[in-house]
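These figures come from a predicted structure and were not determined experimentally. Residue numbers begin at 1 in each chain, while the letters A, B, ... track the order of the sequences.
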2 protein chains.
Amino acid sequence: MAVLKALKSSVDKTFAILEYFTVDRAEWSVTELAKELDASKSTVYRFLSDMQKRGIMYQDPVSGKYGLGLKLFELGNRVRIKSAFTDKTHPVLMEVAKSITETVHIGVFKDEQVYYVDKVESPQGLRISTTIGSYSPAHATSLGKVLLAFSSYDENRFVQRLKRYTENTITDCGQLKEELKKIKKDGYAVDYEEFEIGLICVAVPILNQKNEIVASLSAAGPANRFKKEELPNYVKKLQKGALQIQKNIGDFKLNIT
Amino acid sequence: MAVLKALKSSVDKTFAILEYFTVDRAEWSVTELAKELDASKSTVYRFLSDMQKRGIMYQDPVSGKYGLGLKLFELGNRVRIKSAFTDKTHPVLMEVAKSITETVHIGVFKDEQVYYVDKVESPQGLRISTTIGSYSPAHATSLGKVLLAFSSYDENRFVQRLKRYTENTITDCGQLKEELKKIKKDGYAVDYEEFEIGLICVAVPILNQKNEIVASLSAAGPANRFKKEELPNYVKKLQKGALQIQKNIGDFKLNIT
DNA sequence: AAATTGCATTTCATATAATGAAACAAAATA
DNA sequence: TATTTTGTTTCATTATATGAAATGCAATTT
């Protein structure tokens with residue numbers, strides 16, 4: 001409430017409005033959004049229609065509701081991360097997804113969270129589906145635990161409360177530190193339904209040619225399809241992919257800011 | 001010159017500035033951009049730094065120059081076309097690129113031009129590299145000619161001048177109509193260096209399950225690698241991919257506006 | 001080492017655009 | 001037909017955007 005009025009610059013307001021258009025809520029009417037933002041219809045209308053004129057917004061000709069437009073897609077594709085990083089990782093991701101037959105992800109650190117930068121979905125019907133450009137908690141995912149384990153991090157990083165997502169989530173800082181130590185030793189992390197019941201993930205680090213960790217690579221699938229004796233096999237396939245990516249990316253270091 | 005002053009709304013100004021960040025010119029300093037826009041440094045600075053605070057812009061910590069930020073990548077990935085269409089086409093594109101070993105593209109019609117919505121680059125060193133979200137002329141590309149041939153179009157569509165790009169470009173309307181008729185009969189189009197010298201493309205239509213054309217699929221490679229006797233082979237592989245995509249997309253119809 | 005250039009950034013009085021209430025038009029609903 | 005609910009437009013008021021000049025910082029030149 002009173003979201004817009006709190007922001008002083010038009011630039012801020014513009015992008016605050018865009019943030020409301022998510023994957024889960026792709027369409028808003030002027031009235032709905034005005035109510036949500038506690039702003040006048042005129043104001044919201046002007047923002048949306050100005051953006052619509054530029055193709056940043058798309059207006060459904062039938063319902064009159066607004067959604068994100070093609071121009072934004074266009075701009076998003078110009079962002080460096082895409083051409084510099086994903087172009088190099090994606091082909092490998094395809095290979096790994098095919099050989100493991102589960103959804104594979106690449107995640108990096110951003111704001112203490114895991115940020116998904118690339119994915120290839122499992123060819124199987126029942127599969128995990130995440131949105132590129134979204135976030136997950138670091139301590140409750142295999143991607144995050146790998147990133148933590150292989151990064152040089154402040155020991156006091158975990159003074160912050162570790163949020164519980166399921167009964168398996170690690171919420172004790174000491175326990176997490178032990179887990180990370182083990183992960184660094186083993187070279188991989190597993191998430192046994194620690195973030196979501198029914199979801200199991202395995203992840204390995206992606207290093208650049210200077211052996212700095214730049215991202216992590218995971219395979220994720222439904223718990224009932226996971227066989228513990230297959231774990232070394234998954235890890236082997238992931239590591240093979242990670243090594244291939246390492247070859248592809250050179251000394252590339254992702255600047256996430 | 002005087003680009004910014006001509007625009008009355010901040011929303012317009014914001015996105016006008018973003019448009020200056022292209023693939024060819026990914027970075028601008030405050031001073032450079034202020035000069036280009038004929039605006040004051042303060043103004044440009046404020047736009048860029050406001051956007052930078054939100055992650056829309058990225059500022060290189062060394063040079064101080066600005067580029068497009070991750071948030072924009074994030075927003076771009078939320079655009080419907082991406083999740084609804086590309087997710088379904090990309091895996092097939094990978095397969096086709098691998099089997100043909102040339103860069104493959106998917107294009108749709110937008111504003112009488114070919115709009116690139118997805119691509120997978122050739123694994124070979126020498127390859128064609130296009131930007132997703134960019135445009136090419138319809139009459140001078142295989143993607144475009146397929147789209148024209150299989151769309152129900154106005155006969156008078158081509159009264160507009162057909163721009164010449166190379167010595168092979170079809171610039172005569174009657175000749176183009178003949179070509180389109182042939183393409184419809186054959187089920188594929190070829191571009192023999194009609195847009196760019198040294199570039200040869202082959203394209204086939206992608207139909208949805210109602211048999212409406214929704215996009216076209218092409219393979220593009222350097223002319224000196226192209227063997228005429230391999231053409232039926234390329235077409236066969238492309239058609240196999242197009243059929244797979246048809247299965248994936250159902251009765252999906254792309255709304256490009 | 002001092003001076004100079006070249007840059008991003010900040011300041012502040014003024015010009016200009018953003019704002020919301022209300023009116024409007026058009027469609028959906030009763 | 002009457003009523004409600006939309007998206008859109010208008011316009012006087014308010015608040016933000018603007019640019020010249022100043023600042024601070026670093027790299028380069030004297």
Side-chain angles (χ1 to χ4, degrees), chain A residues 1-21 25-69 71 80 255 257, chain B residues 1-21 25-69 71 80 255 257:
Chain A
M1 280 300 168
V3 183
L4 267 203
K5 283 173 222 163
L7 300 171
K8 291 180 182 175
S9 86
S10 295
V11 170
D12 261 356
K13 292 174 194 177
T14 303
F15 291 107
I17 286 173
L18 282 177
E19 287 290 348
Y20 277 81
F21 293 80
R25 185 82 154 87
E27 289 195 322
W28 289 85
S29 74
V30 172
T31 317
E32 286 166 352
L33 195 53
K35 199 171 288 171
E36 181 75 22
L37 293 164
D38 192 30
S40 74
K41 279 201 302 175
S42 345
T43 301
V44 173
Y45 167 74
R46 246 182 321 252
F47 273 105
L48 294 180
S49 78
D50 280 357
M51 288 195 268
Q52 187 260 315
K53 279 167 201 151
R54 283 201 162 262
I56 298 295
M57 283 285 160
Y58 165 77
Q59 185 176 29
D60 188 297
V62 184
S63 68
K65 292 196 177 188
Y66 289 87
L68 300 179
K71 197 80 197 184
R80 274 265 167 104
N255 295 357
T257 315
Chain B
M1 278 301 168
V3 183
L4 266 204
K5 283 174 220 162
L7 300 171
K8 290 180 183 177
S9 88
S10 294
V11 170
D12 261 357
K13 291 175 193 176
T14 303
F15 292 107
I17 286 174
L18 282 177
E19 287 289 350
Y20 277 81
F21 293 81
R25 185 81 155 85
E27 289 194 322
W28 289 86
S29 74
V30 172
T31 317
E32 288 166 350
L33 195 52
K35 197 172 289 170
E36 181 74 22
L37 293 164
D38 191 31
S40 76
K41 279 202 298 175
S42 348
T43 301
V44 173
Y45 168 73
R46 247 183 318 254
F47 272 104
L48 294 179
S49 79
D50 281 356
M51 289 195 267
Q52 186 260 316
K53 278 168 202 150
R54 286 201 159 260
I56 298 294
M57 283 284 160
Y58 165 77
Q59 184 176 31
D60 189 296
V62 183
S63 68
K65 292 195 178 190
Y66 290 86
L68 300 178
K71 197 79 196 186
R80 274 266 169 104
N255 293 359
T257 315

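- The distance between atom NZ of K65(B) and atom C1' of dA8(C), rounded to the nearest whole Å, is 13 Å.
- Applying the ring-ring contact (aromatic ring centres under 6.0 Å, His included) test to Y45(A) and every residue at least two apart in sequence or in another chain returns nothing.
- Whole-Å rounding puts the E32(B) CD to dT9(C) C1' distance at 17 Å.
- Proximity of Q59(A) to the phosphate of dT8(D): a side-chain N or O atom is located under 4.0 Å from OP1 or OP2.
- Remark: A39(B) engages L4(B), L37(B), V44(B) in a side chain to side chain contact (heavy atoms under 4.5 Å, CB included) (not counting sequence neighbours).
- Every side chain to side chain contact (heavy atoms under 4.5 Å, CB included) that K41(B) has, sequence neighbours left out, goes to V30(B), T31(B), A34(B).
- Rounded to 10 degrees, the angle separating the terminal helix axes of the helix from dA1(C)-dT30(D) to dA30(C)-dT1(D), each built from five base pairs, is 40°.
- Considering only side-chain N and O atoms, Y45(B) lies nowhere under 4.0 angstrom from the phosphate OP1 or OP2 of dT11(C).
- To the nearest 0.5 Å, atoms CG (D12(A)) and CE (M51(B)) are separated by 11.0 Å.
- With rounding to whole Å, E27(A) atom CD is found 15 Å from dT6(D) atom C1'.
- Counting to the nearest Å, the C1' atom of dT16(C) and the CG atom of D12(B) are 15 Å from each other.
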Requested in this report: Using a 4.0 Å heavy-atom cut-off, write out nucleotides 18-30 of chain C from 5' to 3' as B (base contacted by protein), S (sugar-phosphate only) or - (no contact).
Outcome: SBBBB--------

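- Annotation: salt bridge (charged side-chain N to carboxylate O under 4.0 Å, His left out) contacts of E19(B) (sequence neighbours excluded): K71(A), R78(A).
- As rounded to whole Å, 13 Å separates atom P of dT9(C) from atom CE of M57(B).
- Distance M51(B) CE to dT9(C) C1': 16 Å, rounded to the nearest Å.
- Rounded to whole Å, the distance from CH2 on W28(B) to C1' on dC7(C) is 17 Å.
- Residues R25(B) and E32(B) are paired through a salt bridge, judged by an N-O separation under 4.0 Å between the basic side chain and the carboxylate.
- For the pair I17(B) CD1 and dA17(D) P, the computed distance is 12 Å after rounding to whole Å.
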